[in-house]
Amino acid sequence: KSFAFAFETSSDIQGFQVIYEQGGNINGYSLSIAPNIETGEPTLFAFAYARSYWPAGDQEKVIELGPVSANTSYSAMMVHDATEGTGTFTGFLNGNQIAQLTKVPAMGSHSGAIGLGSLQQNTLRPDTLQVISDVNGSQFKGAIGEVISWNTALSISDIKGLAQHFNDDFDIQIFDTGESGIVPVN
């Protein structure tokens with residue numbers, strides 16, 4: 001499963017803001033802004049969780065993509081590849097791979113509609129791992145330019161192409177380190 005997003009934050013980046021979520025409070029995926037637990041700084045999170053399918057201790061996979069700034073455009077991608085080994089969940093920001101988590105098996109079925117710019121019914125917060133159902137309090141205050149979802153794991157080449165597409169269409173700066181930047185995390 002893969003997801004790609006182009007969005008711009010508003011002048012208000014405080015609190016919990018859902019850009020995208022699918023699933024519910026047991027299994028799902030999300031991209032959201034929430035306070036960093038240690039610093040309180042508004043941070044972009046990629047999140048995959050399967051509390052009813054994945055082994056205890058490995059049920060929540062959180063990637064802090066980085067702090068966000070007000071009135072700034074971003075591209076983000078999440079890739080869940082469960083086709084080899086124990087599976088991986090990888091997060092990208094503005095064309096850079098930020099982290100790759102391991103021990104991420106296939107996602108089981110989950111109920112709940114997609115929430116775009118707000119949660120649909122309920123979800124888990126990536127910062128606290130607590131269930132939240134406050135639809136109005138989770139609204140993204142910025143603008144979403146594009147969301148794409150695939151039922152396959154995108155390659156690095158695909159990610160680079162998407163980053164270029166977002167740069168061309170939304171003037172999102174690409175930061176290419178020239179290296180894969182993979183940092184495995186268990």
Side-chain angles (χ1 to χ4, degrees), residues 1-5 15-68 76-93 96-135 137-140 147-156 158-159 180-186:
K1 187 80 176 162
S2 299
F3 306 90
F5 309 90
F16 180 59
Q17 299 185 33
V18 173
I19 297 164
Y20 177 92
E21 66 93 8
Q22 98 175 44
N25 61 348
I26 304 295
N27 307 302
Y29 299 96
S30 70
L31 182 75
S32 58
I33 297 170
N36 176 291
I37 290 295
E38 295 172 3
T39 66
E41 187 173 24
T43 302
L44 184 64
F45 290 90
F47 187 34
Y49 56 97
R51 289 184 162 178
S52 63
Y53 293 101
W54 297 346
D58 281 317
Q59 296 176 330
E60 295 97 8
K61 298 297 183 172
V62 180
I63 298 175
E64 287 189 26
L65 294 173
V68 294
M77 293 95 171
M78 304 185 302
V79 178
H80 179 193
D81 186 354
T83 60
E84 294 185 28
T86 60
T88 59
F89 181 60
T90 310
F92 300 84
L93 182 63
N96 274 337
Q97 182 170 323
I98 303 302
Q100 183 176 77
L101 308 179
T102 58
K103 299 180 185 175
V104 191
M107 177 68 72
S109 62
H110 49 273
S111 62
I114 289 172
L116 189 58
S118 177
L119 65 89
Q120 183 65 27
Q121 295 170 339
N122 54 41
T123 192
L124 288 185
R125 285 183 61 143
D127 55 335
T128 64
L129 302 180
Q130 299 297 310
V131 175
I132 183 169
S133 58
D134 182 6
V135 173
S138 69
Q139 292 179 345
F140 178 57
V147 175
I148 311 169
S149 174
W150 297 262
N151 285 328
T152 60
L154 297 179
S155 69
I156 294 296
D158 294 331
I159 296 295
S180 72
I182 297 174
V183 179
V185 179
N186 292 328

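- Between the CG atom in L119 and the CD1 atom in I114 there is a gap of 13.5 Å [rounded to 0.5 Å].
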Report task. Given side chain to side chain contact (heavy atoms under 4.5 Å, CB included), test V62 with L129 step by step and report yes or no. Result -> CA-CA 9 Å; V62 180; L129 302 180; 4.1 Å; yes
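- Side-chain contact check for E21 and S30: no donor-acceptor pair (N or O, by modelled atom type) lies under 3.5 Å.
- Side chains of T90 and D81: no donor on one and acceptor on the other come within 3.5 Å.
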Just distance, no hydrogens or angles: give the donor-acceptor pairs under 3.5 Å from side chains in residues 31-38, sequence neighbours left out.
residue, atom, partner, partner atom, Å
N36, OD1, E38, N, 2.7
N36, OD1, T39, N, 3.0
N36, OD1, T39, OG1, 3.4
N36, ND2, E64, OE1, 2.9

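- Between H80 and F89, the angle of the ring planes goes over 60°, which puts this pair in the perpendicular group of the 30/60° scheme.
- When all heavy atoms of W54 and Y49 are compared, the pair lying nearest together is CZ3-CA, 3.8 Å.
- Of all heavy-atom pairs between A76 and L65, the closest is CB-CD1, 4.2 Å.
- Between the side chain of Y20 and the main chain of A4, no donor-acceptor pair closer than 3.5 Å is present.
- Between the side chain of K61 and the backbone N or O of T102 there is at least one donor-acceptor pair closer than 3.5 Å.
- Of all the heavy atoms in N27 and S52, the pair that sits closest is ND2-OG, 3.0 Å.
- In this view, E60 and R51 satisfy the side chain to side chain donor-acceptor pair (under 3.5 Å) rule, not counting sequence neighbours.
- Contact between V131 and L124 at its shortest, heavy atoms only, is CG2-CD2, 3.7 Å.
- Here CZ of F16 is found 9.5 Å from CG of D134. Values are rounded to the nearest 0.5 Å.
- Each of F5, F47, F45, F3 was evaluated against Y29; a single residue qualifies, F3, per the ring pair (Phe, Tyr, Trp, His ring centres under 6.0 Å) test.
- Residue A99 comes nearest to I63 through the heavy atom pair O-CD1, 3.7 Å, listed as atom of the first residue, atom of the second, then distance.
- Across all their heavy atoms, N122 and S133 have their closest contact at CB-CB, 4.0 Å.
- Here the options are Q22, M107, M78, the test is side-chain contact (heavy atoms from CB on, under 4.5 Å), and the partner is K1; only Q22 passes.
- Atom CD1 of I148 and atom CG of L154 lie 9.0 Å apart (nearest 0.5 Å).
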